[in-house]
Engineer: 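Please read through the structure below; I'll follow up with questions.
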Amino acid sequence: MTAAPATAVLDRDGLDALVGVLRAQGRTVVGPTVRDGAVVLAEIASADALPFGWGTEVEAGRYRLVPRTDGAAFAHTTGPQSWKAFLHPERERLWSADRRADGRLSVAAERPQRPSYAFLGVRPCDLRAIAVQDRVLATGRHRDRGYQERRTGAFLIAAECTEPGATCFCVSMGGGPAAEAGYDLALTELVDETGHRFFVRVGSDAGREVLSGVPGRPAGPGTESAARAAVDAARERMGRAMPPVDLRTLMGDSLEADRWDDVAARCLTCGNCTMVCPTCFCTTTEEVTDLTGDHAERWQRWDSCFDLDFSYLHGGPVRASARSRYRQWLTHKLSTWYDQFGSSGCVGCGRCVTWCPVGIDITEEAAALHDELAARLRRQDEREEREP
Ligand code: SF4
Ligand code: SF4
């Protein structure tokens, strides 16, 4: 097989051939597709399943599909799912136990054959989110074997952002619309007078090998600079931004802020924000039995720090109020996550803003906390000047 160059240009047929090469390798190819009025992630059999001609309009608590006249496939924002739905699924059986005829128990650990995944259309914020979950679940102190097995060998094809949504703020979280690391191939979609095409960059040996089997054409400097210009323009069009302050310090100095009461009065503690967040990883386990009591199973499922049971210790939950649960979520995301995992727990994907049923906006809450802290420090300074 001839080694592919580090860049190439694919047209729509080339994108379809890319899916074909990955499927021929025995991989389950997962990509964005339109279902139930949203762009969701699902197994796709060909590139035809991609959301060609669909974009999205998002706002706090609002998501709508909108048709596009340019036929673009990756001009939509992040949808309700992230790739954790595949790498760290919502429910997973860990073991089952059966009572045998002699009355003894036989316990069987769950060791399923894991799919070999190829993810097509991973946004740069989601590449960073996968890296965050890798630190927690693949290389951290409490590794999750299922995650490790699914993640090992997963082939990642990034789709750089050229159409950021109104709830996106990756740039202010230190990321951006460009794919910088953690991908095998990176696509930048271009629709202009030269036509509809995908500029491809190779990010790994596996990516180079796959690309060598795909019919494409060499990328000229014009295509490459058009791709860079489209991504640079997206950087300037982020819909939102975090306040430009040290968020770790802000959270630490805001533990007793009045703003927590304000947000608690609006928050339903439904946990949607944790379900859609691509970095949230918490799980709980539960046992179920059949009616005879002869068969039992242990399941792992996603849990949320908004659930009362999440902090239940002897006698009751530690975080009984909505104020304390929202504060826990925000301070963990933006501050104490650094202490545990060396990075922020937020990549600025905007999902929690879009999918909060009452439109609570993490950037607005951080800005309000910042304003409250600044006002408190101002009053303190004035007091000290008056009463030295
Ligand atoms: S912030 Fe929104 S999504 Fe999160 S728990 Fe509260 S109401 Fe639900
Ligand atoms: S906290 Fe919100 S914006 Fe940040 S990564 Fe999670 S879902 Fe995305």
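Ligands are counted one by one from 1 in listed order, and the atoms in each one are counted from 1 as well.
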Engineer: Is there a side chain to side chain contact (heavy atoms under 4.5 Å, CB included) between F119 and I157 once you walk through the steps?
Structural biologist: CA-CA 6 Å; F119 295 158; I157 306 171; over 6 Å; no
Engineer: In terms of atom number and element, which parts of ligand 2 are under 4.0 angstrom from non-hydrogen atoms of F169?
Structural biologist: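 Counting from 1, the qualifying ligand atoms are 3 (S).
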Engineer: Okay, side chain of N272, backbone of W355: is any donor-acceptor separation there less than 3.5 Å?
Structural biologist: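 Checked: pair present.
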Engineer: Assess the residue pair H196 and F198 against the criterion (ring pair (Phe, Tyr, Trp, His ring centres under 6.0 Å)); give the C-alpha distance rounded to whole Å, side-chain angles, the decisive distance to 0.1 Å, and a yes or no.
Structural biologist: CA-CA 7 Å; H196 189 174; F198 303 88; 5.3 Å; yes
Engineer: On the 0 to 90° scale, with breaks at 30° and 60°, tag the W329-F306 ring pair as parallel, tilted or perpendicular.
Structural biologist: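 Correct class here is tilted.
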Engineer: Who's the nearest protein heavy-atom neighbour of atom 1 (S) of ligand 2, and how far?
Structural biologist: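 Atom 1 (S) of ligand 2 sits closest to the protein heavy atom K333 CD, 3.6 Å.
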Engineer: Apply the side chain to side chain donor-acceptor pair (under 3.5 Å) test between T279 and each candidate in Q133, R128, K333, R135; give the one that qualifies.
Structural biologist: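 Among the candidates, only K333 passes.
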Engineer: Specify side chain, backbone, both or neither for M173, according to which of its non-hydrogen atoms lie closer than 4.0 Å to ligand 2.
Structural biologist: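 M173 to ligand 2: no contact under 4.0 Å from either part.
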Engineer: Anything protein N, O or S sitting under 2.8 Å from atom 6 (Fe) of ligand 1: count it and give me the total.
Structural biologist: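 Counting protein N, O and S atoms closer than 2.8 Å to atom 6 (Fe) of ligand 1 gives 1.
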Engineer: Check whether F52 forms a cation-pi arrangement with R12 (NZ or CZ under 6.0 Å from the six-membered ring centre, at most 45° off the ring normal).
Structural biologist: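 R12 over F52 ring: yes.
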Engineer: For the residue pair W302 and H88, categorise the inter-ring angle as parallel (less than 30°), tilted (30 to 60°) or perpendicular (more than 60°).
Structural biologist: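 Rings of W302 and H88: tilted, as their planes differ by 30° to 60°.
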Engineer: Looking at every heavy atom in both R143 and G140, which two are closest together, and how far apart are they?
Structural biologist: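 Result for this residue pair: NE-O, 2.8 Å.
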Engineer: Return the set of protein N, O or S atoms whose distance to atom 8 (Fe) of ligand 2 is under 2.8 Å, each given as residue and atom.
Structural biologist: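 Result, waters dropped: C349 SG.
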Engineer: Please identify which of these residues, R123, R201, R235, meets the salt bridge (charged side-chain N to carboxylate O under 4.0 Å, His left out) condition with E160.
Structural biologist: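 In the set R123, R201, R235, the residue that makes a salt bridge (charged side-chain N to carboxylate O under 4.0 Å, His left out) with E160 is R201.
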Engineer: Would you sort out whether F281 and W337 count as a ring pair (Phe, Tyr, Trp, His ring centres under 6.0 Å), showing the intermediate values?
Structural biologist: CA-CA 12 Å; F281 57 84; W337 202 291; 5.6 Å; yes
Engineer: Would you call R301 and E286 a salt bridge, taking side-chain N to carboxylate O under 4.0 Å as the test?
Structural biologist: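 Between E286 and R301 there is a salt bridge, with a charged N closer than 4.0 Å to a carboxylate O.
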